[in-house]
Protein chains: 2
Amino acid sequence: MQRRAEVTRNRILEVAEIEFSEKGFYGSRVDEIANKAGVNKALIYKYFGSKEELYETIFSIVYERFSKLERQLISVEGLDFKSRMRRFVELDFLFLKENPTYVRMLMWENLNNAKYYKEKRLGNTKSVILEGLDQLLDDAKKEFDVPEEVTAKQILLTIYGCGFNYFSNSATMMGFLGDDMMDDSILKERIDSVVNMIMAYITGGKSD
Amino acid sequence: MQRRAEVTRNRILEVAEIEFSEKGFYGSRVDEIANKAGVNKALIYKYFGSKEELYETIFSIVYERFSKLERQLISVEGLDFKSRMRRFVELDFLFLKENPTYVRMLMWENLNNAKYYKEKRLGNTKSVILEGLDQLLDDAKKEFDVPEEVTAKQILLTIYGCGFNYFSNSATMMGFLGDDMMDDSILKERIDSVVNMIMAYITGGKSD
DNA sequence: TATAAAAGTAACCAAATAGTTACTTTTTGG
DNA sequence: CCAAAAAGTAACTATTTGGTTACTTTTATA
């Protein structure tokens with residue numbers, strides 16, 4: 001592929017990512033993607049074959065960014081357990097804040113019963129994350145008296161649940177929170193709360 | 001409106017709820033809704049005016065079910081604070097499990113920047129919920145030494161976040177959890193974990 | 001039971017949309 | 001510098017889709 005073609009291809013990808021994340025597969029129009037990319041529609045079919053394959057390509061790219069984050073999460077650094085846990089939660093929230101297209105594409109994907117997610121066998125990093133969190137918990141057990149029921153799985157569900165939901169449902173949450181949920185200080189409060197809650201859970205309240 | 005008309009109208013509503021929750025506004029086809037309801041398409045326009053108004057009607061109906069739950073949540077019963085908190089979380093999880101169309105419609109709605117949610121000024125019950133949770137917290141303060149940073153807002157975000165996300169993202173979570181997330185014992189484990197975590201947070205680990 | 005109103009339908013339309021074909025322009029290597 | 005290959009386009013098609021119109025059937029009641 002020539003230089004010019006790569007530039008054009010990337011322009012299509014950029015535009016299509018925004019379109020698909022905003023409107024989903026059904027809501028997006030190939031004509032509109034072509035127009036916004038300043039390109040003839042036929043070129044999209046030449047490069048990507050079909051609307052569906054274009055969508056798949058975009059989803060893989062966007063999901064890969066999250067996979068990269070997960071690889072960071074498994075070896076999170078910090079002086080003690082709490083600061084490592086804080087960093088873990090912070091990295092997750094920060095990623096979600098800075099990657100709204102990921103949040104939206106994962107929502108579309110879940111509404112579509114994770115069709116492409118399953119097809120491409122993504123989510124295999126998850127067991128790696130669980131192992132990493134398990135090791136983190138082992139370290140916690142040296143510092144604190146961790147209750148038996150505390151598992152990496154439950155903690156991950158809590159962090160991912162609180163994190164993802166904060167951003168995915170912000171439109172319907174906005175109203176009742178009143179605040180600007182994307183405001184840095186509000187966000188910091190939320191992160192602090194999640195960290196402290198998890199710490200209380202893990203340490204049985206004897207963390208300080 | 002005659003008896004027959006009401007039956008027909010309800011049949012359309014039932015079918016449309018499934019269609020819209022499964023495929024969203026753009027993915028749903030008026031023709032298909034008409035076919036599945038065993039009705040001529042023109043009748044849908046006679047009753048509801050447009051595809052958009054039909055969607056709005058459905059969304060209001062589905063959201064009202066959640067509003068009803070919230071009215072239950074504010075006056076949750078129980079012997080002590082922990083059992084009331086448990087009941088609160090249980091009711092939320094149970095509702096989400098039994099109302100998959102609500103979960104999906106709220107996801108569509110959030111992807112649509114809460115257009116109808118805002119238009120219809122839904123979510124006004126949220127401040128009522130916050131007040132209810134505040135009163136629950138006041139009761140907790142009689143029993144336990146509750147840290148200052150603990151607020152109704154943060155607890156609600158945690159419960160709603162963990163609850164909603166568990167169901168909304170189950171398709172992409174399934175893979176890494178391995179289990180059947182809808183299995184009663186797995187679900188009970190999750191609820192227990194959320195309750196215990198919140199209790200540890202609120203009581204500073206001195207709940208038992 | 002006659003009739004008016006309500007319930008319901010067949011068949012159509014205009015616009016939109018995914019995808020294709022035959023063509024022109026640009027780039028590059030010998 | 002020129003021919004072949006790659007990049008890119010204009011204009012088309014078949015189908016789908018939201019929406020409408022003119023019509024028939026059913027129901028209730030005076």
Side-chain angles (χ1 to χ4, degrees), chain A residues 1-61 104-105 108-109 111-112 115-116 119, chain B residues 1-61 104-105 108-109 111-112 115-116 119:
Chain A
M1 185 163 46
Q2 308 304 311
R3 178 80 178 273
R4 186 158 66 113
E6 204 180 316
V7 170
T8 309
R9 207 185 113 103
N10 284 336
R11 209 167 56 240
I12 294 169
L13 285 174
E14 264 174 53
V15 169
E17 179 180 331
I18 292 168
E19 286 297 303
F20 280 133
S21 77
E22 275 183 0
K23 299 168 190 169
F25 181 78
Y26 291 109
S28 297
R29 305 295 167 216
V30 180
D31 284 284
E32 203 173 339
I33 292 170
N35 283 341
K36 288 189 178 170
V39 132
N40 190 280
K41 183 167 59 155
L43 203 60
I44 292 181
Y45 286 93
K46 195 173 176 180
Y47 284 155
F48 301 99
S50 67
K51 186 185 178 184
E52 200 165 333
E53 286 170 279
L54 175 59
Y55 181 87
E56 281 184 64
T57 306
I58 303 277
F59 184 72
S60 292
I61 291 172
R104 295 179 65 93
M105 299 265 332
W108 292 118
E109 189 60 12
L111 283 166
N112 207 22
K115 191 178 164 197
Y116 300 110
E119 251 174 37
Chain B
M1 186 162 46
Q2 307 303 311
R3 177 78 177 275
R4 186 160 64 113
E6 203 179 318
V7 171
T8 308
R9 207 185 112 104
N10 284 336
R11 211 167 56 239
I12 295 170
L13 285 174
E14 264 174 52
V15 169
E17 179 179 332
I18 293 168
E19 287 297 303
F20 280 134
S21 77
E22 275 181 2
K23 300 169 189 168
F25 182 77
Y26 291 110
S28 298
R29 304 295 165 217
V30 180
D31 285 283
E32 202 173 340
I33 293 170
N35 283 341
K36 288 190 179 170
V39 132
N40 189 280
K41 184 167 59 154
L43 204 60
I44 292 180
Y45 286 92
K46 195 171 175 180
Y47 284 156
F48 301 100
S50 67
K51 186 185 180 185
E52 201 166 331
E53 284 170 281
L54 175 59
Y55 181 88
E56 280 184 65
T57 305
I58 303 278
F59 184 73
S60 293
I61 291 172
R104 295 180 64 92
M105 300 263 334
W108 293 118
E109 189 60 13
L111 283 167
N112 207 21
K115 191 178 164 197
Y116 300 110
E119 249 174 39

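A, B, ... follow the sequence lines: proteins, then strands. Residue 1 opens every chain. Computed from heavy atoms alone, side chains included, the values below leave out hydrogens, waters and symmetry copies. In this text, all values refer to a predicted model and were calculated from it rather than measured experimentally.
With D:dA7, D:dT9, D:dT20 as the choices, the nucleotide that has an atom nearest any side-chain atom of B:Tyr45 turns out to be D:dT20. Of the candidate nucleotides D:dG18, D:dG8, C:dT9, D:dG18 has the atom nearest to the side chain of B:Lys41. In this structure, the nucleotide among C:dA7, C:dG19, C:dT20 sitting nearest to the side chain of B:Ala5 is C:dA7. Closest approach to the B:Asp31 side chain among D:dT17, C:dG8, D:dA7 is made by D:dT17 (side chain taken as heavy atoms from C-beta onward).
With rounding to whole Å, B:Asn10 atom CG is found 12 Å from C:dG8 atom P. At whole-Å resolution of the value, CD in A:Glu52 and P in C:dT17 are 18 Å apart. With rounding to whole Å, A:Tyr26 atom OH is found 17 Å from C:dA16 atom C1'. Per the geometry, CG belonging to B:Leu43 stands 12 Å off P belonging to C:dA10, to the nearest Å. For the pair A:Tyr55 OH and C:dT17 P, the interatomic distance rounds to 18 Å; values are reported in whole Å. The nearest whole Å value for the distance from the CG atom in A:Asn35 to the C1' atom in D:dA11 is 15 Å. The interatomic distance linking B:Glu32 (CD) with D:dG19 (P) rounds to 16 Å, in whole Å. Straight-line distance from the NZ atom of A:Lys46 to the P atom of C:dT21: 14 Å, rounded to whole Å.
B:Ser28 places a side-chain N or O within 3.5 Å of a backbone atom of B:Glu19 that can act as its donor or acceptor partner. Under a 3.5 Å cut-off, the side chain of A:Trp108 and the backbone N or O of A:Phe25 do not form any donor-acceptor pair.
The phosphate of C:dA18 has OP1 or OP2 within less than 4.0 Å of a side-chain N or O from A:Arg29. Checking the phosphate oxygens (OP1, OP2) of D:dG8, a side-chain nitrogen or oxygen of A:Tyr47 falls inside 4.0 Å. Residue B:Ser50 has no polar side-chain atom (N or O) positioned under 4.0 Å from OP1 or OP2 of D:dG19.
Side-chain atoms of A:Glu53 and A:Tyr47 include no donor-acceptor pair closer than 3.5 Å.
Taking 3.5 Å as the limit, the base of D:dA10 and the side chain of A:Asn40 contain a donor-acceptor pair of atoms between them. Between the side chain of A:Lys51 and the base of C:dG19, no donor-acceptor pair under 3.5 Å is found.
No side-chain heavy atom of B:Lys23 sits under 4.5 Å from any side-chain heavy atom of A:Tyr26.
Where B:Ala42 and A:Gly49 each meet DNA chain C at their nearest nucleotide, the meeting point lying more 5' is that of B:Ala42.
Classification of the B:Tyr116-B:Phe59 ring pair by plane angle, with boundaries at 30° and 60°, yields tilted.
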